[in-house]
There are 2 protein chains.
Amino acid sequence: MEYPSASMTQSEENYLKGIYHLSHAGRASVSTNAIAAHMETKPSSVTDMLKRLSDKDLVDYQPYKGVTLTSGGTAQALRVIRKHRLWEVFLVEKLDFSWDEVHEVAEQLEHIASEKLIDRLDALLDYPDFDPHGDPIPDKEGHFKTREKRLLSTLQPGEKGVCIGVKDSSSPFLRFLDKNGIALGTRIAVLEKEEFDDSMAIQMGEQQLQISHQIATNLYIKPIT
Amino acid sequence: MEYPSASMTQSEENYLKGIYHLSHAGRASVSTNAIAAHMETKPSSVTDMLKRLSDKDLVDYQPYKGVTLTSGGTAQALRVIRKHRLWEVFLVEKLDFSWDEVHEVAEQLEHIASEKLIDRLDALLDYPDFDPHGDPIPDKEGHFKTREKRLLSTLQPGEKGVCIGVKDSSSPFLRFLDKNGIALGTRIAVLEKEEFDDSMAIQMGEQQLQISHQIATNLYIKPIT
DNA sequence: ACATATTTTTAGATTTGTCTAAATTTATTT
DNA sequence: AAATAAATTTAGACAAATCTAAAAATATGT
Ligand SMILES: [Mn+2]
Ligand SMILES: [Mn+2]
Ligand SMILES: [Mn+2]
Ligand SMILES: [Mn+2]
């Protein structure tokens with residue numbers, strides 16, 4: 001199967017990426033309103049775009065019934081996601097951006113069209129498998145590594161693990177983590193879980209910290225025994 | 001004087017850059033047709049754009065009389081040129097692109113909007129003064145280094161110099177130079193000049209080469225004594 | 001089942017950037 | 001000074017991407 005990479009507009013690329021994320025990897029059907037909310041646009045604009053994407057065979061669109069990505073659409077979405085995440089790694093590793101600053105710039109850089117550029121960037125970064133937020137970077141064929149990961153909130157007192165990703169990668173959350181010394185690779189042990197509000201006490205090295213349920217449901221952990 | 005950097009579209013940025021180049025640094029008046037030819041678009045499209053740029057006070061436009069950049073327009077053009085040339089250096093220095101491959105990609109990258117990105121890129125590249133084609137890179141204030149440079153065609157037999165830039169930076173010309181071992185920094189001595197067609201014999205290290213007038217008028221040389 | 005609420009689409013307008021064809025202005029010849 | 005040629009602008013159209021307001025389809029509640 002070939003993706004002739006018929007040039008897409010930035011807007012088309014953004015919609016495909018949005019649909020991909022909303023459908024949990026392009027399989028499940030996504031509603032017009034869900035797309036509109038995610039893209040911060042109006043449902044009528046989404047309908048227009050879905051027609052265009054459908055004409056280009058990038059999505060399967062049945063009016064009133066939602067939309068799914070075609071294999072071509074999925075491939076394109078993955079190409080954009082690959083570029084986005086590689087650029088995020090570049091910004092952190094080579095230009096000393098912090099992980100809460102990279103997303104906005106990567107939103108622009110992900111639309112630069114040059115196969116060679118991305119291949120060389122990949123090499124410069126030593127073929128990273130994950131981006132600064134722990135999200136997997138698809139390879140050229142759209143395949144990526146999966147890892148066992150659980151939300152910190154699912155760990156029981158006594159269990160421990162390593163932080164390997166964030167579910168929410170908004171700046172405020174990431175800056176909160178920075179402030180409290182939590183980064184990818186940080187070892188966390190659960191000390192106690194509060195029945196009342198599901199907050200938990202955790203141990204990180206010497207430091208001890210009380211975190212809300214909100215926090216615990218946005219941190220991915222790889223358990224260690 | 002402040003440039004509030006009111007966000008511009010890619011097309012507006014491209015026009016400002018085009019006008020800057022055509023007017024030999026923003027001073028001289030430029031015609032609608034000259035812009036159309038340079039941008040590979042139609043004169044009527046240029047007229048439309050000139051009105052828009054004029055409304056934004058980026059150019060002084062008098063119908064039928066040509067156009068010049070305002071100080072704000074010049075500043076914006078220089079910002080785009082700075083980004084373009086820094087990215088070209090990045091592509092050559094960090095991603096091993098050859099100098100004939102960088103322009104097309106830089107045409108896209110020059111529109112990425114992030115002050116911090118460009119500052120950090122500048123630092124990563126160790127604050128280069130010139131791009132891979134020998135063109136000067138403006139600093140944040142739009143100032144750049146000038147160098148004494150002469151076209152190779154103006155040298156007389158017996159004179160020598162170092163290649164410091166190209167006037168034509170098209171791929172075919174640059175690949176011709178590669179093929180013949182001419183790069184920035186190459187020392188060239190003029191041996192003989194043919195009266196008939198202005199071609200010249202030049203010496204580079206051991207190697208001797210016969211080059212046409214066309215070639216000689218597109219190579220910038222810093223004379224050495 | 002019917003009324004109401006929600007979701008989605010359609011209709012029509014707007015902005016940006018482009019085009020072709022026609023009109024207008026400016027420049028050049030004779 | 002006309003006549004002709006060249007450059008430039010205007011008029012009208014179109015595609016992409018968006019919006020608001022109205023209509024239509026679907027879902028929900030009693
Ligand atoms: Mn991101
Ligand atoms: Mn990320
Ligand atoms: Mn260039
Ligand atoms: Mn250059």
Side-chain angles (χ1 to χ4, degrees), chain A residues 5-20 22-23 28-69 73 76-77 80 107-108 110-113, chain B residues 5-20 22-23 28-69 73 76-77 80 107-108 110-113:
Chain A
S5 192
S7 81
M8 284 187 298
T9 65
Q10 295 197 183
S11 195
E12 288 172 337
E13 291 190 336
N14 285 334
Y15 272 93
L16 291 180
K17 193 169 52 119
I19 295 167
Y20 181 91
L22 287 170
S23 65
S29 172
V30 183
S31 75
T32 300
N33 270 10
I35 298 170
H38 185 255
M39 312 280 295
E40 296 180 279
T41 183
K42 302 292 167 183
S44 56
S45 304
V46 174
T47 300
D48 281 357
M49 180 56 87
L50 292 183
K51 286 177 187 162
R52 274 195 294 274
L53 294 174
S54 184
D55 288 345
K56 293 189 169 191
D57 282 319
L58 294 164
V59 300
D60 287 322
Y61 169 57
Q62 235 88 34
Y64 295 103
K65 299 292 185 178
V67 75
T68 56
L69 294 177
Q76 295 287 10
V80 178
E107 283 293 310
Q108 299 179 63
E110 72 188 4
H111 301 293
I112 302 294
Chain B
S5 191
S7 81
M8 284 187 300
T9 65
Q10 294 198 183
S11 196
E12 288 172 336
E13 291 190 338
N14 285 334
Y15 273 92
L16 291 179
K17 194 169 52 116
I19 295 167
Y20 180 91
L22 288 169
S23 65
S29 174
V30 182
S31 76
T32 300
N33 270 11
I35 298 169
H38 186 255
M39 311 281 294
E40 296 181 278
T41 182
K42 301 293 168 184
S44 57
S45 304
V46 174
T47 301
D48 281 355
M49 181 56 88
L50 293 183
K51 287 177 188 164
R52 273 196 294 274
L53 294 174
S54 185
D55 288 345
K56 292 189 170 192
D57 281 320
L58 294 164
V59 299
D60 287 322
Y61 170 56
Q62 236 89 33
Y64 295 102
K65 299 292 182 176
V67 74
T68 56
L69 294 177
Q76 295 287 9
V80 177
E107 282 293 311
Q108 298 179 62
E110 72 188 3
H111 301 294
I112 303 293

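All values below come from the heavy atoms of this structure, side chains included, with hydrogens, waters and symmetry mates left out. Naming: A, B, ... by sequence-line order, numbering from 1 per chain.
Taking OG1 of B:T41 as the start and CG of B:D48 as the end, the distance is 9.5 Å to the nearest 0.5 Å.
Inter-residue side-chain proximity for B:V59 and B:L16 is flagged as met; some heavy-atom pair is nearer than 4.5 Å. Inter-residue side-chain proximity for B:V67 and B:I35 is flagged as met; some heavy-atom pair is nearer than 4.5 Å.
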Checklist entry - Reading nucleotides 5-18 of chain C 5' to 3', which nucleotides get B (base under 4.0 Å from a protein heavy atom), which S (sugar-phosphate only), which -? => result --SBBB-----SBB
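Atom pair A:L53:CG and D:dA16:P shows a separation of 12 Å (rounding to whole Å applied).
Residues passing the side-chain contact (heavy atoms from CB on, under 4.5 Å) test with B:E12, sequence neighbours excluded: B:M8, B:T9, B:M49, B:L53, B:K56.
Around CD of B:E107, the count of heavy atoms belonging to other residues, nucleotides or ligands within 6.0 Å exceeds 12.
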